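Each remark here refers to the structure printed beneath this line.
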Amino acid sequence: MNIVVCVKQVPDTATERKLRSDDKTLDRDAADGVINELCEYAVEEALLLKEAHGGEVTVLTMGPDKASDTIRKALAMGADKAVHLVDDALHGSDALGTSHAMAQALKKIGFDLVILGSESTDARTGVLAAMLAERLGVPQLTFAKKVEVGKGTITVQRVTDYGYDKVEASLPAVVSVVEKINEPRYPSFKGIMAAKKKPVEKLGVADAGIDASQVGLANSWSEVVDFAAAPPRAAGTIVKDEGDGGAKAAEFLASKKFV
Amino acid sequence: MSVERVLPRPEAHDLMDLVRDLVGKEVAPRASADESAGRFPREVFTTLGRAGLLGLPYPEEHGGAAQPYEVYLQVIEELAAGWLAVGLGLSVHTLSCFPVAAYGSAAQRAELLPDMLGGELLGAYCLSEPHSGSDAAALTTRAVRGEDGYTVDGVKAWITHGGVADFYTLMARTSDDGARGISCFHVPAATPGLSSAAPEKKMGMRSSPTAQVRFDGARLAPEALLGAEGEGFRIAMAALDGGRLGIAACAVGVAQAALDAATAYAKERRQFGSRLVDFQGLSFLLADMATQLAAARALYLDAARARDAGRPYGTQAAMAKLFATDMCMKVTTDAVQVLGGYGYVEDFPVERYMREAKVLQIVEGTNQVQRLVIGRALAR
């Protein structure tokens with residue numbers, strides 16, 4: 001079974017993240033780039049499926065040159081090879097543009113199964129899996145907390161507000177995973193060394209058959225009109241317990257839709 | 001801890017990144033609670049083993065990572081800064097593998113090392129006895145050769161990982177010829193006749209079990225013998241040269257953790273309207289701590305480079321162990337002083353560092369024994 005895992009480099013959530021003032025895209029120099037956390041779960045699931053069913057795991061990422069660090073992390077965990085979509089023309093692509101570019105690359109690579117994290121910690125649109133499936137004309141199984149592959153079929157437990165749905169589809173398919181699905185492994189030192197020798201293919205817009213008029217900042221359907229720094233945290237609400245503290249706490253939580 | 005390290009190869013930086021990631025996520029966060037509870041973190045060693053850290057300085061053909069001591073020891077230092085029981089545990093495990101790696105036959109290396117270095121097994125090193133500590137050659141545990149192997153009787157003391165190890169590297173007497181009557185054996189933990197006592201109740205490092213290990217008619221196959229009969233003491237001393245560097249690296253790690261904690265506190269705490277770090281009295285104290293620490297690191301790395309270059313390094317190893325562990329005792333004690341009352345309570349980690357530092361002046365040869373080793377080298 002050939003599995004392609006889509007991974008993304010995101011700014012480290014532990015550091016201050018910024019947008020650029022000129023074109024309102026992510027300021028990649030302002031923070032260290034790390035692999036998006038949910039992508040590690042996607043890589044782990046791909047490796048587990050490979051260990052159980054055989055086949056090959058290919059990592060696919062789209063991003064500037066330094067996104068190769070993220071590829072290396074996935075290869076060090078145990079993926080076999082990687083494809084890096086890298087082209088200045090891709091800069092600023094929104095989710096629609098990204099899904100077009102990634103789908104073209106996926107068609108070129110070929111796959112039985114595409115796995116990705118259900119969202120990234122930077123843009124957090126959470127729509128890429130669905131868009132990819134539509135563009136590729138294959139079933140989408142999103143928010144999976146458990147994946148089982150049978151003969152030409154795939155079954156997942158799809159997390160919902162009330163528990164989970166059991167969803168089954170034929171392969172090929174696109175799956176997005178949530179953090180409940182597994183516990184990602186640490187790369188081993190040997191894995192880190194081996195990763196340096198694994199093949200990484202770089203593809204530009206033309207190489208991957210991407211329609212240049214569908215990608216990039218200028219061709220994005222969505223536009224960042226304005227942005228502002230998050231306001232400093234406001235002072236908390238103090239509730240004095242006069243025998244009704246429990247009720248007031250519950251009211252507060254309800255007003256914030258926590259309960 | 002974010003020490004700027006000069007490393008000999010690019011791959012060592014990748015290794016150090018992996019180690020820092022593991023320390024930050026898997027080691028340091030549980031240190032304090034497990035120390036209080038006296039809980040041995042076996043699964044942490046499993047995690048380190050799967051990451052390939054349990055055989056760093058040994059050859060790749062047997063499952064090691066072929067890293068120079070210069071790199072291996074800095075890994076120990078990072079781990080010890082997160083949690084001494086783990087850094088020292090790795091040092092002891094690596095020491096326990098040394099006799100097979102350096103003195104085992106080709107057949108013994110091929111059979112034993114892959115599992116010992118592969119990450120699933122943990123080792124222990126049995127040299128000391130209740131009445132034979134610094135005077136290691138006075139040991140009385142006996143291995144009597146019969147037709148189909150050896151029968152071992154005796155008690156080993158102060159054994160790190162006693163009761164939790166998967167294999168024991170044993171020094172036992174095969175003749176009465178003093179130091180020349182000692183032999184080295186590889187003993188699987190499941191060997192009938194091998195048992196361990198309840199762990200000692202220690203001042204620090206409570207999560208790392210230290211126990212007596214008893215041999216009551218324990219039967220060993222002839223292939224359990226490592227090196228030649230009578231070669232054990234020489235093997236033990238050679239192993240300890242490397243082990244002493246491991247302890248020096250542990251001491252530097254613990255001291256670095258203490259300095260980091262003391263410095264962070266001194267920057268935050270205000271008295272008389274100023275940060276503590278802006279009082280010259282405390283700033284000079286911190287400056288001395290940092291300087292002694294850097295000197296100790298340079299000393300153990302110098303000895304490591306001598307070893308990596310294939311040169312004699314036993315005397316430098318003794319100097320590094322002596323200086324680094326005395327430094328660690330002083331630095332951790334001063335760190336408690338910087339934090340004042342807060343330093344003396346368990347809410348901050350520095351009292352733990354101070355308790356941990358003390359054992360480093362004792363293990364792998366007391367610091368008096370280190371002076372003996374250095375003094376003898378001068379007298380030669």
Side-chain angles (χ1 to χ4, degrees), chain A residues 7 9-16 31-41 43-48 50-52 57 59 65-79 82 117 121 179-198 200, chain B residues 2 7-29 41 43-68 71-76 78-79 82 86 90 93-94 113-114 117-120:
Chain A
V7 300
Q9 186 176 54
V10 295
D12 191 343
T13 49
T15 58
E16 194 190 353
D32 287 339
V34 298
I35 187 169
N36 177 51
E37 199 180 338
L38 273 172
C39 296
E40 291 189 41
Y41 294 81
V43 172
E44 176 66 31
E45 196 60 22
L47 296 173
L48 291 173
K50 179 194 156 172
E51 282 158 15
V57 175
V59 179
D65 278 330
K66 78 171 193 174
S68 59
D69 291 347
T70 292
I71 288 179
R72 262 219 292 162
K73 170 87 193 247
L75 292 176
M77 286 174 73
T121 54
E179 76 285 349
K180 285 195 186 96
I181 195 162
N182 57 41
E183 190 60 47
R185 67 194 69 187
Y186 286 92
S188 70
F189 182 48
K190 285 192 176 72
I192 291 169
M193 299 307 295
K196 295 180 193 227
K197 297 184 188 119
K198 290 178 177 172
V200 179
Chain B
S2 55
L7 296 166
R9 314 173 185 177
E11 70 196 45
H13 288 282
D14 294 330
L15 174 60
M16 219 52 82
D17 287 344
L18 172 64
V19 170
R20 287 190 180 127
D21 199 24
L22 285 163
V23 169
K25 290 181 188 154
E26 305 289 337
V27 177
E43 59 280 12
V44 169
F45 287 94
T46 304
T47 303
L48 299 184
R50 291 190 180 145
L53 302 187
L54 294 199
L56 285 176
Y58 296 114
E60 281 177 315
E61 60 170 319
H62 295 125
Q67 288 303 297
V71 173
Y72 154 69
L73 291 173
Q74 296 190 75
V75 170
I76 296 266
E78 293 273 349
L79 289 169
V86 174
L90 181 59
H93 169 80
T94 306
L113 276 182
L117 307 181
E120 299 295 327

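All values reported here derive from a predicted model rather than from experimental measurement. Throughout, a chain's letter reflects where its sequence line sits, starting with A, and its residues are numbered from 1. Worth knowing before you read on, the calculation uses all heavy atoms, side chains too, and leaves out hydrogens, waters and symmetry mates.
In this structure, B/Pro114 has no side chain to side chain contact (heavy atoms under 4.5 Å, CB included) partners at least two apart in sequence or on a different chain. The side chain to side chain contact (heavy atoms under 4.5 Å, CB included) search around A/Ala195 returns A/Leu75, A/Ala76, not counting sequence neighbours.
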Chain A to chain B donor-acceptor contacts, backbone plus side chain, under 3.5 Å:
{"from": "A/Tyr186", "atom 1": "OH", "to": "B/Glu26", "atom 2": "OE2", "distance (Å)": "2.7"}
{"from": "A/Phe189", "atom 1": "N", "to": "B/Ala51", "atom 2": "O", "distance (Å)": "2.8"}
{"from": "A/Lys190", "atom 1": "NZ", "to": "B/Gly63", "atom 2": "O", "distance (Å)": "3.1"}
{"from": "A/Lys190", "atom 1": "NZ", "to": "B/Gly64", "atom 2": "O", "distance (Å)": "3.4"}
{"from": "A/Lys196", "atom 1": "NZ", "to": "B/Asp14", "atom 2": "OD2", "distance (Å)": "2.5"}

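Shown here is A/Lys66, whose NZ atom has more than 12 heavy atoms of other residues, nucleotides or ligands within 6.0 Å.
What you find for B/Leu56 and A/Phe189 is that their closest heavy atoms are CD2-CD2, 4.5 Å.
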